[in-house]
Each structure stands twice: as structure tokens, then as C-alpha cells.
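Just so it is clear: chains get the letters A, B, ... in the order the sequence lines come, proteins before strands, and each one is counted from 1. Given the structure is predicted, the values throughout are model-derived calculations rather than measurements.
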There are 2 protein chains.
Amino acid sequence: MPNATIRDVAREAQVSVASVSRALNGHERVRPELRARVQEVAARLGYVPHAGARSLSLARTSAIGVVLPDLHGEFYSELLRGMDREVAARRLALLLTVLQDGRGLNTLAALRGQVDGLVVMAPQLGAAELRAQLPVGLPAVFLNCVPGLAGAALRVDNAAGAAAMVNHLVAAGARAIAHVAGPAGNVDAEERRAGAIAAADRAGVALTVIQGDFSEASGAAAGAQVARGTIQADALFAANDAMAIGALVALKGHGIAVPGQVRVAGFDDIPLARLVTPALTTMRVDIAALGARAVQLLARRIVAPAEGLVEVGPADAEAIVPRLVVRDTTTETDRETQS
Amino acid sequence: MPNATIRDVAREAQVSVASVSRALNGHERVRPELRARVQEVAARLGYVPHAGARSLSLARTSAIGVVLPDLHGEFYSELLRGMDREVAARRLALLLTVLQDGRGLNTLAALRGQVDGLVVMAPQLGAAELRAQLPVGLPAVFLNCVPGLAGAALRVDNAAGAAAMVNHLVAAGARAIAHVAGPAGNVDAEERRAGAIAAADRAGVALTVIQGDFSEASGAAAGAQVARGTIQADALFAANDAMAIGALVALKGHGIAVPGQVRVAGFDDIPLARLVTPALTTMRVDIAALGARAVQLLARRIVAPAEGLVEVGPADAEAIVPRLVVRDTTTETDRETQS
DNA sequence: TTGTTACGTGTAAACGGTTACATCGACGGC
DNA sequence: GCCGTCGATGTAACCGTTTACACGTAACAA
């Protein structure tokens, strides 16, 4: 007793399969009465078109693939949330693929025929590796990947964000900044580091880079170094919030006043940032908007696959600029828990 | 220049399409030499089987649908992470669908033919609504849904968890517990409330229920009531961590010592729980394991669709038991920030 | 030699849709 | 009354796989 097919509906409604297809897909040349009858029968039999068969005829799958690095934290929730918002409006589905380590080499290629396009986020992959894995001829939007790939690029303007934060710290009185960087080879991490260094140079303040890996633990280690004076700094700017929070806890644990003795800042504005004590100053990235925009761009590329429009060119390399969110770890006001 | 098809490979390798199919799918009756030639040609042409066509022939899609309520926070990241772990090992894909408000009524039905099975999480939906929307004949695993649906049920053992927490509070010296409940109609909330009440009865301690809605604000309101003495209690057990943290902040704001005067406990062990001061005692739910287990169960149901095995019966209604995580809000030791 | 068996390969029929084209009737202009 | 047109519907080909079945060949036993 498998599912009803279009032929079952046709037989039951005493029409041809072509008419059923036309009636259900809203074609014009269909007598209203016949359309109504077909719809009634389809509903009665619980008929739902077979997605595979449809994609075979139409050469469209109505699904877009999302390729993400190993999933952690709210970042991905937010991204998926934003993507889902756009996807639902377009009656598309999201096919999720996590790309990690060994597996995934042919995983990506296997998506061909299963999706109409790809949103790829792979900050840890180089252009060559990525190009090698990607199915050719599939529209793609790249989130925070190395530049120069064939497809639309959408990125967070990490350098500008880091610079804005350095400027804020300087304005708040910092003269020696410790920057806790993310893992080497990660594009986001590199850009934030470069942006911070450049801004510190321009502002004429010292900046020391401490190597981290985006984990809270590595942030704590960096915080400990600053607390013990191994590294001299009156401000600690971490490349993401997780490390900033790790550092914050470590500093407090060592009895350092924040922001009194050391100002602390992060990047991303994860929900947790506003809840720690003192609340963390950070750069907010509207992650949901990033995801939504990626889907918009991809959808545009799918409807106009080989479009040569000039207008598409510039729009294809957008950057989302993060916004500075000032909280208590960098400002003297609103203090309550200092000893 | 569309993608190469099996016929292209067959022509190029000078064999029939059947042989190509057999060679690539690892059938036995294929001469090794021919298999090698086919593989070489397939690789050269960049041939990847069309997923739609395959699903049409095989009546299998190699994808499973995940239906989730509106995405927020790390909970969903963790769930997806756990699911992905299992899914990748089985070479399946995850098709994500967010079920919210109006839309989704036919969204679910449309999944038929697009996935081999469904993992459904819909704590806000009743059995009738859910049954109405679900495609019939599709294997499904329900996460924390109302009981009595046709399919495997996997739940968090909320009642046992709440009971464990009540017992812990009593062991820590509590004699009058205030339970801040979650929103009415939410299955998790109801079960936690019932479990707490039953355990308090057994232990012979008083338990007052305060209505909350899982929000930090409602927790704060409850905390204020306890602080002002409107409700007499020496322990406050919230149905989730967000409310517990709200209560914690409110209690501290009213100058109540935690855990000195009032012990505080939550549920879920969100990452924030360990970072607030004092660190929150809570019940940890291994969410990734929940997701992974759901996929395992579903995979089993897919390979054995109409299996009548007795063994499947009991395994079909599993519960994941949360684990007690004792931190500083319920134990006198390790205190440092009390006035 | 001939019949049987086993094995490798090809042929063609599904799977469930969409749609170009053919068909058929009604209608209006001449 | 005939023909051209147009609109509604049916027929059948096609999308790319898998696989039951047929077929040819070679090895082997009788």
C-alpha cells in the first residue's frame, strides 16, 4: 500500500495524467470544474507528488545544500534560523552537511543532483581544496571563505570590525592591547588579527598577539598570562566571545578588576556575552541576516543561472559589517561587582 | 554541458548502462577489469549519479527529515550535531524543516518522497494536530512529544530528573521548595512539575509551584517573590536554567545569600549555568546523545519497516535520563562572593 | 558431440512525474 | 456548409537510474 501516484489520481478522477499534473500545478488551460475535481480526488487519496520524479523531469530539486564546519554553539543555530526564514518563503528545503576532517571529500560531490545550489562555509579550507571538492556547475554562495572562488562571496568584514574595536578600546583609555587570535589558517581569525594590528598601528598603541584557538580554554590561558603580567596589557581583545569569556573568568579569578585594570572585548556577540558579569563588550555580527542574505543571493543565482548581468557582479562580493556593542567590560560606569 | 549521465559513461567505456550501474554499485558479478575501466571513465567524466533518478528506482532517498520548532540557542546546534554524527556514518543527509505557527501545515506532507523517515520534535503540538499533518506510512521518531503517536518515542526523562533534583535539594538541607514551572501545555514543563511534586511528597517536604514561562524574566519574578517572603522557601528549583538564572539574579539583588539562605537549581545545563556566580546546580541533558539516538532508532525502523519484532517494542519508548550536576548554588562549600 | 551449468553482459521495463504534440469539438466568418 | 482557429484534453516520449530477464560464451560431464 504505497503512496498514491499521479496515475491513481488520474484513474480515480477519470482524466489523464497530464490533466492532473496541469490542474495541480496551476496551469491556465484547465477547466475550473475539472481542476476542482482533481484537487478533491488528490486530497482524498492523500496524493503528494514524488520529489524524486519531479526533480528528474524538472531538473530542479527545490532544495539547497548547506555545508558547514563542525557544529558548535549558537552561531549555527542563528545561521540556520536566518537561512530557514528565506528558504521557507521560497518553498525550498535545506539539506545540511557537516564538513569535518576526513569525511566530506566526496560528500560534497554527492550533493550534485540532490540540491539546486550550495551555501558553503568553510573557513578552514583553502581555495584549492574547496574547488577540488565542489561539484562543478552548481551555483554556490561562499560564506567567509578565501576569496577568488567561482560563486558569490559573502563575508563578515572582520578587519573593519576588529579595527573598530581597537579604536573603541583606545578611546576607552587602553594603551597596550593583547589580542587573543583564533587558530592559524582560519580566515576569520586571520582577518581579525590583521585588522586589529593595523588599527593599533594607526592609533599608535602597542599590540601583542597571543595565539588562541577560539576555545574558552585558550582564552582563559591568555587571560592568565595577562593577569600574571607575563604579557603587559591594559586591554584584552579576543577574536571571539568564547575566548573573551574564558579570559574574563581567568582575570577575575586572579583578582584583576575588569574593566578597572584590564578592559576586555570579544567578537560575535553571542547571547552569552550580555549575561556574563560584567557584561561583555563585543562586535555584533547579525548572523541570521548573514544566513538569510546567503539564501537570497543563491536563489537569485538559481533563477538566473548563466545570467551575464553587470548588476550581479558587484553584489556578488558583499560584506556584512559588524556593529560595536559597548557593555561593561570596557566602560567604567555601571560597575557593581568590583572589589 | 550538463552533468554526465550513466549513458555517457557507458558509451565512453563501451559497455552497457547496466554494467556501469553494477560496476559502480559494487555488485559481484562484474569482471574486475571491466569494473576498473568503468571507474576510470566515471572519474574522468566526473560522473555522479542523479539522486532523484536513484530515489525513483530504489524508492529510497537516503535522507531523513528533521522537524524542529523555531530554532533558538545551542540546544538545536547540539541536537543537530548529535544527529549529524550518526547520519554521516550511515551516508544519509539531513533535511531540515522548521515548524512554526501558520506555515508547516502542508510543509510536513511535502516531505513525503523527499525523505525516508522523520525525526519530529514538537513539544507545542498536540497528538491530534501532529497526526493530521504527518505523512502516513513514513517511519518517524518523536522527540519529547505527547505520548501515543505511531512511531518510536524518545524523550528526556523529565520526571526522574526533577525528582533527582528535589532529592538533592532535600539532602542539601532544604525543607520548603519553590518550584518555578514552565508554560502550561508544554510537555517538558508539565513532566518536570509532576516529578518535582511527587518527589517532594515522598520526601515529606513542602513544595509550592510558581507559574513561569521558561523566560529569564519570569524566573526573576519568582525569585523576587521568594526574596520578599511572599512565598516561604529555602530552595528554589526552576524548570529550566534561564528561569533559575533570572531567579538567582533577583535573589542576589534582594540581598539574599545563595546558597546560604536559599538554594537555587535549574534544568538543562546550558553553557551559561557554569558561568554565573555562584555557578548553577542543574540537571544536564546530553542533547547530542538524544539526537544521535533518534537517528539510530529511525535508521533501524527504515531498514526494517514493517518488522514485527517484539524486541522493537520496548526499545521504542526510550528515555534519556538527565544527570545531576552539583555546583555552587546548592552547596555551602566553595563560596567566595557572598556578602 | 551434446547437454548442463555458471558466469558475464546486454536489453528493456519499470519508477513517477512533466510537457510537446496530436486530437477533438465548438464556434464564428465566409 | 466549409474551413480556420482556439481552447481543453489525451497520448506518449523523456528525465537518469536500477534490475529482472534474456542471451551468448566457456567449461565441464556424460
Side-chain angles (χ1 to χ4, degrees), chain A residues 1-39 41-42 45-63 109-116 135 137, chain B residues 1-39 41-42 45-63 109-116 135 137:
Chain A
M1 215 87 52
N3 297 327
T5 75
I6 197 173
R7 277 170 244 278
D8 297 329
V9 176
R11 190 177 337 105
E12 189 78 7
Q14 320 229 34
V15 292
S16 72
V17 291
S19 292
V20 174
S21 178
R22 282 188 285 252
L24 296 178
N25 290 325
H27 278 235
E28 297 179 344
R29 301 281 125 91
V30 178
R31 200 154 37 96
E33 165 206 325
L34 183 144
R35 183 192 305 273
R37 187 167 83 230
V38 168
Q39 282 171 339
V41 172
L45 299 185
Y47 166 73
V48 177
H50 186 285
R54 193 167 220 172
S55 90
L56 198 52
S57 301
L58 294 176
R60 262 191 329 105
T61 63
S62 294
L111 288 176
R112 173 147 65 163
Q114 204 159 181
V115 299
D116 293 332
Chain B
M1 215 88 53
N3 296 329
T5 75
I6 198 173
R7 273 173 250 277
D8 297 328
V9 177
R11 190 177 338 105
E12 189 79 6
Q14 320 228 33
V15 292
S16 72
V17 291
S19 292
V20 174
S21 178
R22 282 187 286 250
L24 295 179
N25 291 325
H27 278 237
E28 297 178 345
R29 300 283 123 93
V30 179
R31 200 154 37 96
E33 166 206 325
L34 183 145
R35 184 191 304 273
R37 187 166 83 231
V38 169
Q39 283 171 338
V41 172
L45 298 185
Y47 166 72
V48 177
H50 187 285
R54 190 167 222 172
S55 90
L56 197 52
S57 291
L58 294 177
R60 262 193 327 109
T61 63
S62 295
L111 287 176
R112 174 146 64 162
Q114 207 160 179
V115 299
D116 293 331

Could you give the [atom1]-to-[atom2] distance, from [X] to [N], as a whole number of Å?
{"X": "A/D8", "N": "C/dG17", "atom1": "CG", "atom2": "P", "value": "9 Å"}
{"X": "B/H27", "N": "D/dT18", "atom1": "NE2", "atom2": "C1'", "value": "8 Å"}
{"X": "B/R7", "N": "D/dT17", "atom1": "CZ", "atom2": "C1'", "value": "8 Å"}

- Heavy-atom closest pair, residues A/V41 and A/A13: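 Where A/V41 meets A/A13 most closely, the heavy atoms are CG2-CB, 3.8 Å.
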- Please name the pair of heavy atoms, one in A/V20 and one in A/A10, separated by the smallest distance, quoted to 0.1 Å.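 Minimum heavy-atom separation between A/V20 and A/A10: CG2-CA, 3.7 Å.
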- Message: Going by the rule side chain to side chain donor-acceptor pair (under 3.5 Å), which residues pair with B/R31 if we only count those two or more places apart in sequence or in a different chain?
- Response: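 With sequence neighbours excluded, B/R31 shows a side chain to side chain donor-acceptor pair (under 3.5 Å) to B/E33, given in chain and number order.
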- Using side chain to side chain donor-acceptor pair (under 3.5 Å) as the criterion, list what pairs up with B/S55, not counting sequence neighbours.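 With neighbours one apart ignored, the set is empty.
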- Can you tell me which residue pairs pass the salt bridge (charged side-chain N to carboxylate O under 4.0 Å, His left out) test with a partner in residues 47-56 of chain B, sequence neighbours excluded?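 The answer is none; no pair qualifies.
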- Query: Axis-to-axis angle across the helix from C/dT1-D/dA30 to C/dC30-D/dG1, five pairs an end, to 10 degrees?
  - Reply: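 Here the helix ends are tilted 60° relative to one another.
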- Partners passing salt bridge (Lys or Arg N to Asp or Glu O under 4.0 Å) against A/R60 (at least two apart in sequence or in another chain):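 Testing A/R60 for salt bridge (Lys or Arg N to Asp or Glu O under 4.0 Å), a comparison that skips the adjacent residues, returns none.
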- Query: Quick one: salt bridge (Lys or Arg N to Asp or Glu O under 4.0 Å) partners of B/D8, sequence neighbours excluded?
  - Reply: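 If we apply the salt bridge (Lys or Arg N to Asp or Glu O under 4.0 Å) test to B/D8, skipping adjacent residues, the hits are B/R11.
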- Message: Rounded at 0.5 Å granularity, tell me how far CD in B/Q114 sits from OG1 in A/T61.
- Response: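 Output value for this atom pair is 8.0 Å.
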- Rounded to the nearest 0.5 Å, what separation is found between the CG atom of A/L45 and the OG1 atom of A/T5?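 If I round to the nearest 0.5 Å, the distance is 9.5 Å.
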- Note on the structure: The contact string for nucleotides 7-12 of chain D, one letter per nucleotide 5' to 3', using protein heavy atoms under 4.0 Å with B, S and - for base, sugar-phosphate only and none, comes out as SSBBBB
- Item | Sugar-phosphate only, base, or nothing, as touched by A/T5 at under 4.0 Å among non-hydrogen atoms |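 Result for A/T5 = sugar-phosphate.
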- Item | OP1 or OP2 of D/dG16 under 4.0 Å from side-chain N/O of B/Y47 |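 For D/dG16, neither OP1 nor OP2 has a side-chain N or O of B/Y47 closer than 4.0 Å.
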- Message: If you take any heavy atom closer than 4.0 Å to DNA chain C, which residues from residues 48-60 of chain A end up in contact?
- Response: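 Result for residues 48-60 of chain A: A/V48, A/P49, A/H50, A/A53, A/R54, A/L56, A/S57, A/L58, sorted by number.
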- Could I get the full list of side chain to side chain contact (heavy atoms under 4.5 Å, CB included) partners for B/S16, not counting sequence neighbours?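 Partners of B/S16 by the side chain to side chain contact (heavy atoms under 4.5 Å, CB included) criterion, ordered by chain and then number, come out as B/A18, B/S19.
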- Item | Test side chain to side chain contact (heavy atoms under 4.5 Å, CB included) applied to B/Q39 - qualifying residues, sequence neighbours left out |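 Applying side chain to side chain contact (heavy atoms under 4.5 Å, CB included) to B/Q39 gives B/L24, B/R35.
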